2 protein chains.
Amino acid sequence: MNNNKVKPSILPGFMELLPKEQQKFNDIVNKITKVYEENGCLPMDTPIIEKSEVLLAKSAGETEKQVYRFNKGSNDLSLRFDLTVPLARYVAQYFNDLNFPFKRYQVGKVYRGERNQRGRYREFYQCDLDIIGNEKLSISNDALVISMVSKGFKAIGLKDYKFQISNRKILSSILTEIGVNEITEVMILIDKYDKIGKEEFEKNLNDLIGEEKSSYITNVMNIAGSNEKILEELKSLNLESEKFRSGIEELENVINMLSILGVEEDEYLINLKIIRGLDYYTGTVFETFLIGNEGYGSICSGGRYDNLAQNYTDRLLPGVGISIGLTRLFFVLGEIGFLDNYVVKNPVEYLILPIGDTLNYCGEIFRKLEAEGKTSQIYLEDGKLKKKMNYADKLGINKVILVGEDEAASKLVKIKDMVSGEESIKGFSEI
Amino acid sequence: MNNNKVKPSILPGFMELLPKEQQKFNDIVNKITKVYEENGCLPMDTPIIEKSEVLLAKSAGETEKQVYRFNKGSNDLSLRFDLTVPLARYVAQYFNDLNFPFKRYQVGKVYRGERNQRGRYREFYQCDLDIIGNEKLSISNDALVISMVSKGFKAIGLKDYKFQISNRKILSSILTEIGVNEITEVMILIDKYDKIGKEEFEKNLNDLIGEEKSSYITNVMNIAGSNEKILEELKSLNLESEKFRSGIEELENVINMLSILGVEEDEYLINLKIIRGLDYYTGTVFETFLIGNEGYGSICSGGRYDNLAQNYTDRLLPGVGISIGLTRLFFVLGEIGFLDNYVVKNPVEYLILPIGDTLNYCGEIFRKLEAEGKTSQIYLEDGKLKKKMNYADKLGINKVILVGEDEAASKLVKIKDMVSGEESIKGFSEI
C-alpha cells in the first residue's frame, strides 16, 4: 500500500456488519416493528442532533458526561443519548396535533461515550415503544407494551426469555411502612442485587438499616412461586398504606391483562428486585432476561412514568415505555449462537446467466419474470461459467437460468436448481 | 408556562414529521428499498460518526467547510456528509469478505452545515445504490441502477419524471479535439447552464474559448430529438479520438440496456448538458427531473466512477452509483401536491371498544382475530363512546367492534364500518 493511503477503519465501539449479518439485523428490526405497527403504534423519527439546552434540560447525571456535545457556529449541540428525551420534547411540541393515547415506536441510533469494552457500544440502535396519555393512562397499557415485545420476539423466533416485572410502589411503600428513612439508598442497593450477589447485598443492607428491617425486606424480596402466589403473599402482609394498596392493584392488573392479551404464563414473572435505577419510573418496571444467559443482563427494559415531559410543558403526560437495545441484543444473539440458525429469505429467486451473445433474450426472460411478480437479476459481467455459478452460490440464489445461444435461438431456458443440482429445459412460456 | 420549562423545539434545517407524514415517508422508503432488494442489492449500514482522517481523506473542498467536525477525548471526529465516502472505506476495509460485483443500497442520515433556507436541510436522508466491480464492471450496470430507480418510482406511483443521461467522455473529448485548453472551466460552465440560462452561458463561453469553438460546442450540446437521432448525429461528427468513440459506445450501450431492462422510452433522454460537477464521475452521468417541476432541480443523480476507493487501497474498484436525496424528495413531493393523494394502508384493521366491564371478552376477540392473521387493537381508556369512536376515526381505522355487556353475555359482536356507517351484529365465530 502506498504511503498516501489512509487505513480504512472505524472507531472502536461502533458496530458495522457484513451484508449477510446486516440482512439478519434488518430482518429482526422489520419483524419487530411490523408487530408494533399492526398493534397500532405509529412510526416516529427525530433528529440525531438537538440543542443541548433541550436534550440536557433535565440534568442527565452520569449520562451527561457521556454525551457527544459540540459547537457548530454559535450553536451548542448534542447527539441524542436516548429516544425518551426526544419523545418528551416531541409530545410537548406537537401536543395539539397528536391523538392520545399516543402510541409510537422509534428505531434510531443513539450516542454515549462509554468506556470501550466488548459488547458495549458508543453508537447503538434503540427500538423504543411508548404509549403516552393525556392526563391519565390506563394501567392496561403497561401490559400492552410487554405483549407487543413478546409478539415481536415470537416473530423473530426468539424463545427462552422471561419478562421480570415489579411495581416500585410496593417496595418503597413497605420501606416507609416499616420505618426506613434511607429509601433511596436501599432502592439503589436492591437495584445492584444481581451485580453484587446475595451475600454482599445482605451485609450492606444490614449495615444500612439494621438486621430486623433488613430481614423483613429480604423476606419480601425473595417471596417466590407462581405470580398468583406472590400476589397472595404480598396482600397478606396486610399493610395499610394507600401507595402499597395501589402498587399491588396495579401489579395485579398488569398480570391479569398480560393473559388477556395472549402473553403465555411462562413468559413472565413477578420479581420485586427489579428497580430500573432512579430515573423516570414511578410504578410498573420490568426487565427481560434470556433464560440460561442471564449474565448478559436485560435485553429489553422499561416501565411507567407519571409525567413524561415536565421539562417542556405544564401538561400532565403519563406514559409507559419499553426499549430494546437492538445493537446490544444483536451482539448477544450472536454470542449465544441464535444468529447462526437465523435464516433470511433471499429476496431474489432467479439469477439469469447470459452465455455468449444472449443479453436481449435474457432481458425478455427478466421482464417476463418481473411481470409475473417473480424476482430475478441478470449477471452482467464477462467471465467463465464457473465464476458466474459461484456468484449465484455465494449470494444464496436458489435457481439459475442458463441462457446460451442455442437456448436463445429456440426460445428455451435451462434452469438449474442450486439446492438439488437438478437441471431442466423449459420453453419460454413455461418458466 | 413556568419559567423553568425549556421551549420544545428543534434546530433549523432539520426535518421532523407528524405521524401521518412519517408513515408516508417510511412507506416511500420501504417500497423503493424493496425494489432494490428484489433486484439483488444488499443492505448496508455504516456509522454516522467516523474518524476525520478517514472521512476527509480526499479534500472535500466546499463540502469540507460544511462538515460537522468535533473532538471527543483525543479523537478528531466527523459526521458523514454523504454515503459514498463511507462506501469507499467499507469496500476497501472488507474487500476479502465481499462478492463482486458488490451491489449495495444504504439509507441513512448525512450532515451538512448548509446555509439555512427553505427546502435545504442540514440533516437529511440519502438513499444510495451503488454497484462496485473488482478491477472492471460492465457498462450495463449504468443502465441497471437507473432501471432500479425507475421501478422504485413506479412502486410509489410517481410518474412524470425524466432521467437525463450523458457521458462525460463525449463533450470532454470533443473539447480536446477542437483544440480547447480550458476543458475544466468549460465543463464547470456547462454544469451551470440551467442555472444561468442560455444567453449568459453563450456569452461566457464566447469569452472563454472564442466564438467559433463556442458555436461548435453549443451546437453539439443542443442536438435534439429522439435518443437514436442524437446518437446518430453525434456519430456523424466523425471525430477520431478513442475517448470520443468510447463515450459514444458507452452511451449507446446504456440506452440499449435500459430498454432490455424494461425502462420505457419516455422515461429517459440523452442530454449532453448533464455534467454532475467535477468530483468522482468519469463516464456516464445522469440527473432526474420532475416534468413540469424542473425548478426543484434533480431529485436523483449519479454516474460512473473509474476508481472508488483510491484513498484507502491500491485496488482498482470501478463503480456506478445513483442517489436519491430522500428528505429533499419528500419536501418536493409535498410542495407539488403528490403527498396529498399518497395513501398508506392502515396496518390495523379493527379497533375493539370495550363498553362497560367487557375487557375479558374483548381479549378473546383480540386473540381470535390475531390467530386468524387479522390485526386489531383494544381501546383501553375510560371515556364516553363518542370519544372512543373519535379515536378510531382519527387513526383511520375502518372497522370498530363495539363490545357492550349484552354482547359479552351472548357472545356476539357489533361491528361498525366507519366508511359506510353500517352496523351489523355477528356471532363470535363469524367475526
Side-chain angles (χ1 to χ4, degrees), chain A residues 1-2 5-6 8-11 14 16 18-19 22-23 26 37-40 42-51 53-54 57 68 70 72 89 92-94 97 99 101 109 113 123 138 140-141 144 260-262 311-314 347-348 359-360 363 367 370 375 377 380-381 391 394-395, chain B residues 1-2 5-6 8-11 14 16 18-19 22-23 26 37-40 42-51 53-54 57 68 70 72 89 92-94 97 99 101 109 113 123 138 140-141 144 260-262 311-314 347-348 359-360 363 367 370 375 377 380-381 391 394-395:
Chain A
M1 201 180 270
N2 291 344
K5 306 289 175 195
V6 176
S9 67
I10 57 171
L11 292 156
F14 286 66
E16 188 167 73
L18 287 170
Q22 190 69 54
Q23 286 179 315
N26 292 8
E37 293 200 346
E38 289 179 352
N39 280 274
L42 299 167
M44 205 178 109
D45 186 34
T46 62
I48 285 174
I49 307 177
E50 296 217 27
K51 296 173 191 170
E53 62 167 306
V54 170
Y68 285 81
F70 57 94
K72 175 89 179 164
R89 192 262 310 146
Q93 187 171 344
Y94 308 108
D97 299 303
N99 299 313
K109 287 178 170 175
E123 173 185 77
S138 155
S140 298
N141 291 286
L144 180 58
I260 289 181
L261 292 168
N311 296 309
Y312 311 113
T313 176
D314 284 330
V348 183
L359 201 51
N360 278 309
R367 297 196 303 274
E370 191 175 47
T375 55
Q377 58 174 319
L380 297 168
E381 308 308 306
Y391 186 75
K394 278 195 179 152
L395 291 184
Chain B
M1 200 179 273
N2 292 343
K5 305 288 176 197
V6 177
S9 66
I10 56 170
L11 292 156
F14 286 65
E16 189 167 70
L18 286 169
Q22 190 70 53
Q23 286 178 314
N26 292 7
E37 293 200 345
E38 289 180 349
N39 280 272
L42 299 167
M44 205 178 108
D45 185 34
T46 62
I48 285 174
I49 309 177
E50 296 216 28
K51 296 173 190 170
E53 62 167 306
V54 169
Y68 285 80
F70 57 95
K72 176 90 181 164
R89 194 262 309 145
Q93 188 171 343
Y94 307 108
D97 298 304
N99 299 313
K109 286 177 170 175
E123 175 185 76
S138 155
S140 297
N141 291 287
L144 181 57
I260 289 182
L261 292 168
N311 296 309
Y312 309 113
T313 176
D314 284 331
V348 183
L359 201 49
N360 278 308
R367 296 196 303 273
E370 191 176 48
T375 55
Q377 57 174 321
L380 297 168
E381 309 308 306
Y391 186 74
K394 278 196 179 151
L395 292 184

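Proteins come first, then strands; the chains are lettered A, B, ... in the order of their sequence lines, and each starts at number 1. Below, each value reflects all heavy atoms present in this structure, side chains not excepted, and no hydrogens, waters or symmetry copies. Owing to the predicted nature of the structure, the values given are computational and were not obtained by experimental measurement.
Taking B/K72 as the reference, A/Y68, B/L77 meet the side chain to side chain contact (heavy atoms under 4.5 Å, CB included) condition, with sequence neighbours excluded. A search for side-chain hydrogen bond (donor to acceptor under 3.5 Å, both in side chains) contacts involving B/S140 returns B/S138, not counting sequence neighbours.
Minimum heavy-atom separation, A/I10 to B/E50: CG2-OE1, 4.1 Å.
No donor-acceptor pair closer than 3.5 Å links the side chain of B/Y312 to the backbone N or O of A/S9.
One distance of note links OG1 of B/T375 with CD of A/E37; it measures 11.0 Å at 0.5 Å rounding. Rounded to the nearest 0.5 Å, atoms CZ (B/R367) and CG (A/L261) are 8.5 Å apart. In this structure, CZ on B/F14 lies 4.0 Å from CD1 on A/I49, to the nearest 0.5 angstrom. Note that CG of B/L380 and CG of A/L144 are 6.0 Å apart. Values are rounded to the nearest 0.5 Å. Note that CD of B/Q93 and CD of A/E16 are 6.0 Å apart. Values are rounded to the nearest 0.5 Å. Between atom CE of residue A/M44 and atom CG of residue B/L18 there is a gap of 10.5 Å, rounded to the nearest 0.5 Å.
The most heavy-atom pairs under 4.5 Å with chain A, out of B/N360, B/N99, B/V54, come from B/N99. Here B/V348 is the residue among B/V348, B/L395, B/N26 with the most heavy-atom pairs under 4.5 Å with chain A. No other option in B/G40, B/P43, B/A92, B/G262 has as many heavy-atom pairs under 4.5 Å with chain A as B/P43. With respect to chain B, the highest number of heavy-atom pairs below 4.5 Å among A/N141, A/L42, A/L11 belongs to A/L11. The choice from A/P19, A/G113, A/G363 that makes the most heavy-atom pairs within less than 4.5 Å of chain B is A/P19.
For chain A, the nearby part of B/E123 is the side chain; its heavy atoms alone come within less than 4.5 Å. Proximity to chain A (any heavy atom under 4.5 Å) is shown, for B/D45, by both the backbone and the side chain. In this structure, the portions of A/I48 lying under 4.5 Å from any heavy atom of chain B include both its backbone and its side chain. If you measure heavy-atom distances from A/N39 to chain B, the contacts under 4.5 Å come from both the backbone and the side chain. Looking at B/K51, the atoms closer than 4.5 Å to chain A (heavy atoms on both sides) sit in the backbone and in the side chain alike. Both the backbone and the side chain of B/R89 come within less than 4.5 Å of a heavy atom in chain A.
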Working for side-chain contact (heavy atoms from CB on, under 4.5 Å), residues A/N311 and B/K5: CA-CA 5 Å; A/N311 296 309; B/K5 305 288 176 197; 6.0 Å; no
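The shortest side-chain heavy-atom distance between B/P8 and A/Y94 does not fall under the 4.5 Å cut-off.
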